[in-house]
Amino acid sequence: MRTVIRGTGMYVPPHPVDNHRMARVMDTSHEWIVQRTGIVTRHFAPPGTATSDLAVPAARAALDDAGLEPDAVDYVVFATMTPDYYFPGSAPYFQRKLGLRDVPCLDIRQQCAGFIYGLQLADALIRSGQRRNVLLVGAEVHGGFMPWKCWDVLIDGADREVPAEEYEWNTRFRDRTVLFGDGAGAFVLAGEPRGEKDDRGLIDVLVYTRGELAEKLHTPAGGSAFRPYFSADMERTGAIVPIVEGREVYKIAVTLMPQIVEEILARNGMTTADLDLVVMHQANLRINEAVQRRLGLPDEKVFNNIQRYGNTTAATIPMAFHEARQAGLAKPGDLVCFVGLGSGLNWGAVLYRC
């Protein structure tokens, strides 16, 4: 059997927040954000919206695209770093809201590399014959990590002034908080018999973890390392906000991402000249531009949409590929490489023939 992408879908909440709106709540500017990240706008879910809520419309769109009913799904892999609850995560709530049968629903926590790891799991399930139709979801609601109290200004467009003390507090975290957005993407992955002359489908997956770099991207709050798991001090001190060592992460990403692309190509007897499209994790446009240069790829072979959505963590790759397909950039026979790197430190690459 081979694993093919039968359908894709995405969803973002209907609350776009541009850089000028971000500048209302912290000391930043449109120019400052674009220069460092390439991000122009992002979407945020309103308070009370869970990650599984965003995943449902994305999954429905993917199922419609695949021409399948929910009853056809026989396994769910749900990648997120922002689960509905600390446990049991998001997958069971997603199953209930989508109206799926009592199929296995797996939560995975590889953060920005989550969708890459999810593709490996889904492919293994399908190629082994254990499952036929796997629904793979990447979804995030980052609001719980953000230090803001002024959601009415960000989402509703309220014109009130943010108190000086709150404005100063928000500014303390601006290097990270300007990066994130909320959204969901989904693939319907199916098993098909492999033809002798037809190499369509997932060709290879390569993933790595390097724990010695875990603190470069992590959240120093919540978990068994603390007593109690969660405390008021974690919010009071800002420990709930992810730490992103920007310069170090940039150096690591622009080294490891090109390396793994070249490695997975080489072990399949290919080179970058064989690639038709590269879809990278959308963490920072400047990282992706540097990776593109190191791989020597022209603009028409790379698709980015971080400008519109920001970093939606596990959702970036399925969202970007969905839009690339809509733009006609993933034609039958095209060789696509998905590549991503994130907290853990986890990174990986996938080769796929459309």
Side-chain angles (χ1 to χ4, degrees), residues 3-14 16 39 41-45 49-66 68 70 73 76-84 90-91 94 97-98 105-123 133-142 180-190 202 277-283 288 303-327 329-330 336-340 342 348 350 352 354:
T3 300
V4 299
I5 301 171
R6 285 195 58 178
T8 64
M10 64 170 283
Y11 177 79
V12 292
I39 299 169
T41 189
R42 76 285 291 149
H43 292 242
F44 288 122
T49 302
T51 296
S52 63
D53 293 323
L54 301 192
V56 169
R60 284 179 177 151
L63 286 166
D64 288 345
D65 187 38
L68 295 178
V73 174
V76 171
V77 179
F78 198 114
T80 185
M81 77 169 190
T82 56
D84 293 28
S90 291
F94 168 75
K97 293 172 184 178
L98 190 58
C105 294
L106 178 67
D107 280 273
I108 61 172
R109 296 287 304 278
Q110 275 67 43
Q111 292 66 250
C112 297
F115 209 81
I116 298 288
Y117 273 73
L119 281 167
Q120 185 188 49
L121 287 169
D123 182 50
N133 296 309
V134 178
L135 181 55
L136 173 59
V137 177
E140 306 288 354
V141 172
H142 290 110
F180 294 101
D182 298 342
F187 283 4
V188 175
L189 299 160
L202 198 151
L277 179 66
V278 174
V279 178
M280 300 181 225
H281 165 54
Q282 306 287 297
N288 289 5
F303 184 84
N304 293 301
N305 63 0
I306 189 173
Q307 303 94 321
R308 297 186 295 279
Y309 305 116
N311 181 356
T312 56
T313 309
T316 67
I317 287 176
M319 286 172 57
F321 184 65
H322 176 74
E323 290 200 330
R325 285 184 69 213
Q326 289 185 319
L329 299 179
V336 179
C337 182
F338 304 110
V339 59
V350 176
Y352 182 81
C354 296

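Note that the structure is a prediction, hence the values are computed from the model and not measured.
- Using a 4.5 Å heavy-atom threshold, the side chains of R42 and F180 count as separate.
- Take F115 and apply the ring-ring contact (aromatic ring centres under 6.0 Å, His included) test, not counting sequence neighbours, and it matches F187.
- Side chain of R6 to backbone of A190: no donor-acceptor contact under 3.5 angstrom is found.
- Rounding to the nearest 0.5 angstrom, the gap separating the NE2 atom in H322 from the CZ atom in F303 is 10.0 Å.
- D107 places a side-chain heavy atom less than 4.5 Å from the side chain of S90.
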### Task
Kindly indicate, with the supporting measurements, whether the criterion side-chain contact (heavy atoms from CB on, under 4.5 Å) is fulfilled by L135 and L98.
CA-CA 11 Å; L135 181 55; L98 190 58; 3.7 Å; yes
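- Not counting sequence neighbours, the partners of L106 by the side-chain contact (heavy atoms from CB on, under 4.5 Å) test are Y75, I108, L121.
- A search for side-chain contact (heavy atoms from CB on, under 4.5 Å) contacts involving P13 returns H15, H43, A45, L54, D182, not counting sequence neighbours.
- Under the side-chain hydrogen bond (donor to acceptor under 3.5 Å, both in side chains) criterion, E140 pairs with T80, T82, not counting sequence neighbours.
- The two residues A320 and V279 come nearest to each other via the heavy atoms CB-CG1, 3.6 Å.
- Legend: residues meeting salt bridge (charged side-chain N to carboxylate O under 4.0 Å, His left out) with R325, ordered by chain and number and at least two apart, are D65.
- Residues forming a ring-ring contact (aromatic ring centres under 6.0 Å, His included) with Y352 (at least two apart in sequence, or on another chain): none.
- Among all heavy-atom pairs drawn from L119 and L202, the shortest one is O-CD1, 4.2 Å.
- Taking the side-chain hydrogen bond (donor to acceptor under 3.5 Å, both in side chains) definition, one finds that H142 meets it with T313, sequence neighbours left out.
- With sequence neighbours excluded, no residue forms a side-chain hydrogen bond (donor to acceptor under 3.5 Å, both in side chains) with Q307.
- In this structure the side chain of T316 never reaches within 4.5 angstrom of the side chain of M280, judged on heavy atoms.
- In this view, D123 and R127 satisfy the salt bridge (charged side-chain N to carboxylate O under 4.0 Å, His left out) rule, not counting sequence neighbours.
- Nearest heavy atoms, P83 versus R109: CG-NH1, 4.1 Å.
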### Task
I would like to know whether L63 and V73 meet side-chain contact (heavy atoms from CB on, under 4.5 Å); could you show each step before the answer?
CA-CA 9 Å; L63 286 166; V73 174; 3.8 Å; yes
### Message
Let's go through V350 and C337 carefully: what are the C-alpha distance in whole Å and the side-chain angles of both, what is the deciding distance for side-chain contact (heavy atoms from CB on, under 4.5 Å) to 0.1 Å, and is it a yes or a no?
### Response
CA-CA 5 Å; V350 176; C337 182; over 6 Å; no
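- Scored by the side-chain contact (heavy atoms from CB on, under 4.5 Å) test, I306 finds I39, Q282, L285 as partners (sequence neighbours excluded).
- Using a 4.5 Å heavy-atom cutoff, the side chains of I5 and F321 are in contact.
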### Message
Using side-chain contact (heavy atoms from CB on, under 4.5 Å), reason through V339 and V278 one step at a time and then give a plain yes or no.
### Response
CA-CA 8 Å; V339 59; V278 174; 4.3 Å; yes
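- Residue T49 holds its OG1 atom at 10.5 Å from CG of D84, rounded to the nearest 0.5 Å.
- Of the inter-residue distances, the one linking F78 atom CZ with C105 atom SG reads 10.0 Å to the nearest 0.5 angstrom.
- When all heavy atoms of G9 and A62 are compared, the pair lying nearest together is N-CB, 3.6 Å.
- Residues passing the salt bridge (charged side-chain N to carboxylate O under 4.0 Å, His left out) test with D53 are K97, sequence neighbours excluded.
- Closest approach of T51 and A139 over heavy atoms only: CG2-O, 3.4 Å.
- Counting only residues at least two apart or on different chains, the salt bridge (charged side-chain N to carboxylate O under 4.0 Å, His left out) pairs with a member in residues 306-316 are R308-E323.
- Between Q111 atom CD and M81 atom CE the span is 7.0 Å, to the nearest 0.5 Å.
- Atom CG of N305 is separated from atom CE of M10 by 6.5 Å, given to the nearest 0.5 angstrom.
- For the residue pair P16 and T41, the shortest heavy atom distance occurs at CB-OG1, 4.0 Å.
- For the side-chain contact (heavy atoms from CB on, under 4.5 Å) with C112, the lone residue among I317, T312, N311 that qualifies is N311.
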